[in-house]
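This report refers to the structure that appears directly beneath it.
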Amino acid sequence: MSRLDPSLIADLPPFAGMDRQSLEGMLAKAVSVRHPKDSHIFREAEKANSFFLLLDGFVRVVKVTPDGEQVIIRYIAAGELLGIAKALGRETYPANAVAAADCVLLSWRSSIWDAIVSTHPGFATNTYSLVGERLVGTQDRVVELATERVEQRVANAVLNLARQTGRKTEDGILIDFLISRQDISEMTGTTLHTVSRLLSSWETKGWIKSGRQRITIIEGHELMMLATARS
DNA sequence: CCATTAAAGGATT
DNA sequence: AATCCTTTAATGG
């Protein structure tokens, strides 16, 4: 296994404020793993033996209902931790994590979590922040699902994806991985047909450009108006 | 306003 | 060729 350079992770939020020696210590205990698109990184209810840092790619966190319906909880972008069951006081993973694109990750054994947190208080606080941000995000989505119309929820989902994973192109902000209308419907609690209709009507208005599994936001402002408009 | 169903055309493998 | 993704239209809650 090749040696990993500290600069690989030094600038990522979880390791902010960590000195070089500590970074090297973390990396010495890490194993790098590759996950091809659509492979599972971990599964719900599985024993949480490892936690991960996503170095490249995108991960989809998914819950599956008893009757087989999928709900997308969130997407995780490069630089974020995932599978941090230990930080949540859990022994098992709370959901499935699937590679939404080809992914490169670092993984650590969960058994060293406590030692890391006690020797690197900064890592602990960074993790609290991450957990807090995700909590706020899910709270927002609960409010959305309870009060907003489908059109607004879809607009929000698209904007959030663009903010999280967007890449600038000549046309606008491209959501930088393959995402189907089915995926968006699973994020927003609607059907792929409704998502399809909404996206094509936005395309007609010139707000977005979308092809098969690709979405580019051209006029983010209009979408934001829609997303926040009161019915 | 939105889900469901059905049908059909395009894209991907 | 088989499968998946998207669009469109009709119907009904």
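Sequence lines set the chain letters: A, B, ... in the order given, protein chains first and strands last, and positions in each chain run from 1. What's counted below: heavy atoms across the whole structure, side chains too, no hydrogens, waters or symmetry copies.
Ion pair A/E80/A/R134 flagged as a salt bridge, since at least one NZ, NE, NH1 or NH2 atom sits closer than 4.0 Å to an Asp/Glu carboxylate oxygen.
Taking both residues in full, the closest heavy atoms of A/L174 and A/I215 are given as CD1-O, 3.5 Å, listed atom of the first, atom of the second, then distance. Taking all atoms of both residues into account, the shortest heavy-atom contact from A/K209 to A/E203 is CA-OE2, 3.8 Å.
Among the heavy atoms of the strands lying under 4.0 Å from A/S180 are primed sugar atoms or P, OP1, OP2 only; no base atom is included. Counting non-hydrogen atoms under 4.0 angstrom, A/L192 reaches a base of the nucleic acid.
Rounding to the nearest 0.5 Å places CD of A/Q164 at 8.0 Å from CZ of A/F58.
A donor and an acceptor atom, one from each side chain of A/D183 and A/S180, are located under 3.5 Å apart. A donor-acceptor contact closer than 3.5 angstrom is absent between the side chains of A/T169 and A/D171.
Put simply, chain A comes within 4.0 Å of DNA chain B, heavy atom to any atom, from B/dC2 to B/dT12, going 5' to 3'.
Put simply, CZ on A/R197 is 8 Å from C1' on C/dT8, counting in whole angstrom units. Atom pair A/I208:CD1 and C/dT6:P shows a separation of 12 Å (rounding to whole Å applied). Put simply, NE2 on A/H193 is 17 Å from P on C/dG12, counting in whole angstrom units. If you take CG of A/L198 and C1' of C/dT8, they are 14 Å apart, rounded to a whole angstrom. Distance A/E203 CD to C/dT6 C1': 12 Å, rounded to the nearest Å. The interatomic distance linking A/Q182 (CD) with C/dT7 (P) rounds to 13 Å, in whole Å.
Of the candidates C/dT8, C/dC5, C/dT7, C/dC5 carries the atom nearest the A/Q213 side chain, counting heavy atoms from C-beta on.
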